[in-house]
Engineer: 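Mind looking over this structure? Questions follow.
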Amino acid sequence: MTTASKAGRELMALVWRFPAPLRAIASAPHGGGLGLRRWVVNAQVPMSYGRRDPDNHLREIAISMGLAGPGVGMLTAVDVRRRVEATDEGVEVCATIGVGHPILAAAPDSGPLSAVGTINVVAMLPERLADAALVNAVATVSEAKAQAMWDLGLRATGTATDAVCILCPDDGHAHSFGGPRSTWGARLARAVHAAVVAGG
């Protein structure tokens, strides 16, 4: 947890800095995709946030925090002090969870968004996953999140602006699978489910 000044305002954020780059897959607006990353930021913004350049905004935030090299940046209007952490046999998950405006992924188009909620998930695995397994692990996170929404009594699969970042070492044996019945996928699913249920 840290704060930084931006345009005269104090910005609260969760920050992870890694001594060596980690392999990451992310859907975040800054540093999304697949590759090596040196840091992750989950920055809190006001509910009235309206910038249309979150990538540039997160780059500015990273610079203000002294974060160098490639990283992952995500935004949330949730109070980051209320983050929820969960672990399962070596998998660590940290999530900020706002479910005030849940949605169904395949709902009919209802026009422009008028209200959003955000579930941001950062997950750390202690062993390397192959690239395809990391893609599979993103699907596993989404399935576990949807299951948690169901268990919370919400007819929803998530929110309109959810983001996920999964990190693992870049060396060692690469596990081939990240689905919910694989060794690391199952642990990831349980940790994500526990975090979202606790935070929701």
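Because the structure is predicted, anything quoted here is derived from the model rather than measured. All values below come from the heavy atoms of this structure, side chains included, with hydrogens, waters and symmetry mates left out. One-based numbering along the sequence shown.
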Engineer: Can you tell me if Asn42 and Thr96 form a side-chain donor-acceptor pair at under 3.5 Å?
Structural biologist: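 Distance-only check passes for Asn42 and Thr96.
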Engineer: Do Val93 and Ile25 share a hydrophobic cluster (ILVMFWY, side-chain heavy atoms under 4.5 Å, transitive)?
Structural biologist: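 Per the 4.5 Å side-chain linkage, Val93 and Ile25 are co-clustered.
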Engineer: Looking only at heavy atoms, which two atoms of Thr157 and Lys145 are closest? And how far apart?
Structural biologist: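 Distance-wise, the nearest heavy atoms are O-CE, 3.6 Å.
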Engineer: Could you walk me through whether His175 and Ser182 pass side-chain contact (heavy atoms from CB on, under 4.5 Å), step by step?
Structural biologist: CA-CA 9 Å; His175 295 268; Ser182 68; over 6 Å; no
Engineer: Do Arg51 and Leu75 come close enough that some side-chain heavy atom pair is under 4.5 Å?
Structural biologist: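 No; the side chains remain at least 4.5 Å from each other.
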Engineer: From Cys94 SG over to Glu85 CD, what is the distance, rounded to the nearest 0.5 angstrom?
Structural biologist: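 Reported to 0.5 Å precision, the distance equals 5.0 Å.
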Engineer: How close do Arg17 and Leu67 get, heavy atom to heavy atom, and via which atoms?
Structural biologist: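 In this case the closest contact between Arg17 and Leu67 is NH1-CD2, 3.3 Å.
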Engineer: Look up atom CD1 in Ile119 and atom OG1 in Thr159, then write down how far apart they are to the nearest 0.5 Å.
Structural biologist: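 It comes to 5.5 Å.
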Engineer: Going by heavy atoms in the side chains, are Arg155 and Leu104 under 4.5 Å from each other?
Structural biologist: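 Counting from C-beta outward, Arg155 and Leu104 do come under 4.5 Å.
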Engineer: If only atom types and distance count, is the side chain of Arg37 paired as donor or acceptor with the main-chain N or O of Gly31 below 3.5 Å?
Structural biologist: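 Checking the backbone N and O of Gly31 against the side chain of Arg37, a donor-acceptor pair under 3.5 Å is found.
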Engineer: How close do Pro169 and Pro126 get, counting heavy atoms only, and between which atoms?
Structural biologist: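 Heavy atoms only, the tightest pair is CG-O, 3.3 Å.
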Engineer: Is any side-chain heavy atom of Arg23 closer than 4.5 Å to one of Leu34?
Structural biologist: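 The answer is yes; the side chains approach within 4.5 Å.
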Engineer: Are Leu125 and Phe18 linked, directly or through intermediate hydrophobic residues, by side-chain heavy-atom contacts shorter than 4.5 Å (ILVMFWY only)?
Structural biologist: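 Different clusters.
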Engineer: Would a hydrophobic clustering, with Ile, Leu, Val, Met, Phe, Trp and Tyr connected at side-chain separations under 4.5 Å, put Val164 with Met74?
Structural biologist: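 No, Val164 and Met74 fall in different hydrophobic clusters.
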Engineer: What closest approach, in Å, do Ala43 and Ala13 show between heavy atoms, and which atom pair accounts for it?
Structural biologist: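 For Ala43 and Ala13, the tightest heavy-atom pair comes out as CA-CB, 3.8 Å.
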Engineer: Please check if Val15 and Val84 belong to a single hydrophobic cluster, counting links between Ile, Leu, Val, Met, Phe, Trp and Tyr side chain heavy atoms closer than 4.5 Å.
Structural biologist: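 Looking at the clustering, Val84 is in a separate group from Val15.
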Engineer: Evaluate Leu14 against Val122 for side-chain contact (heavy atoms from CB on, under 4.5 Å), listing each step before the verdict.
Structural biologist: CA-CA 10 Å; Leu14 301 174; Val122 176; over 6 Å; no
Engineer: Can you check whether Val78 reaches Ile97 side chain to side chain, under 4.5 Å on heavy atoms?
Structural biologist: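 Contact flag for Val78/Ile97 side chains = no.
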Engineer: Would Leu134 and Cys168 satisfy side-chain contact (heavy atoms from CB on, under 4.5 Å), going step by step from the backbone distance to the final call?
Structural biologist: CA-CA 9 Å; Leu134 282 169; Cys168 67; 4.2 Å; yes
Engineer: Is a side-chain donor or acceptor of Thr118 paired with a backbone partner of Thr76 at a separation under 3.5 angstrom?
Structural biologist: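 Absent.
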Engineer: Between OG1 of Thr183 and CD of Glu89, what distance do you get to the nearest 0.5 Å?
Structural biologist: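 Rounded to the nearest 0.5 Å, the OG1-CD separation comes to 9.0 Å.
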Engineer: For the pair Gln44 (side chain) and Met12 (backbone), establish whether a donor and an acceptor sit closer than 3.5 Å, ignoring hydrogens and angles.
Structural biologist: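 No.
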Engineer: Between CH2 of Trp16 and CG of Leu167, what distance do you get to the nearest 0.5 Å?
Structural biologist: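 Reported value, rounded in 0.5 Å steps: 9.0 Å.
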Engineer: For residues Pro21 and Leu36, report the shortest heavy-atom separation together with the two atoms involved.
Structural biologist: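 Looking at all heavy atoms of both residues, the closest pair is CB-CB, 4.1 Å.
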Engineer: For atom CZ of Phe177, decide whether the heavy atoms of other residues, nucleotides or ligands shown that lie under 6.0 angstrom number more than 12.
Structural biologist: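 No, because the 6.0 Å sphere around CZ of Phe177 holds 12 heavy atoms or fewer from other groups.
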Engineer: State plainly whether the residues Glu127 and Arg187 are in salt-bridge range, i.e. N to O under 4.0 Å.
Structural biologist: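 No, Glu127 and Arg187 are not salt-bridged.
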Engineer: How long is the gap from CD on Glu143 to CG on Leu188, to the nearest 0.5 Å?
Structural biologist: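 The CD atom of Glu143 sits 10.5 Å away from the CG atom of Leu188.
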Engineer: Does Trp184 reach the main-chain N or O of Gly90 with its side chain, forming a donor-acceptor pair under 3.5 Å?
Structural biologist: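 Flag not set: sc Trp184 to bb Gly90 has no pair under 3.5 Å.
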Engineer: Are the side chain of Trp39 and the backbone N or O of Ala68 linked by a donor-acceptor pair below 3.5 Å?
Structural biologist: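 A pair under 3.5 Å: yes.
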Engineer: Can you name the closest pair of heavy atoms from Ala174 and Ala130 and give their distance?
Structural biologist: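 That would be CB-N, 3.9 Å.
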Engineer: Rounded to the nearest 0.5 Å, how far does CZ of Arg181 lie from OG1 of Thr140?
Structural biologist: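 Thr140 atom OG1 to Arg181 atom CZ measures 9.0 Å (nearest 0.5 Å).
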Engineer: Show the atom names and distances, to 0.1 Å, of all donor-acceptor pairs under 3.5 Å that link a side chain in residues 193-200 to residues at least two apart or in another chain.
Structural biologist:
{"from": "His193", "atom 1": "NE2", "to": "Asp151", "atom 2": "OD2", "distance (Å)": "2.7"}

Engineer: Let me see the working for His30 and Val72 under side-chain contact (heavy atoms from CB on, under 4.5 Å), right down to the final yes or no.
Structural biologist: CA-CA 5 Å; His30 179 78; Val72 173; over 6 Å; no
Engineer: If hydrophobic clusters are built from ILVMFWY residues whose side chains come within less than 4.5 Å, do Val138 and Leu129 share one?
Structural biologist: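 Yes.
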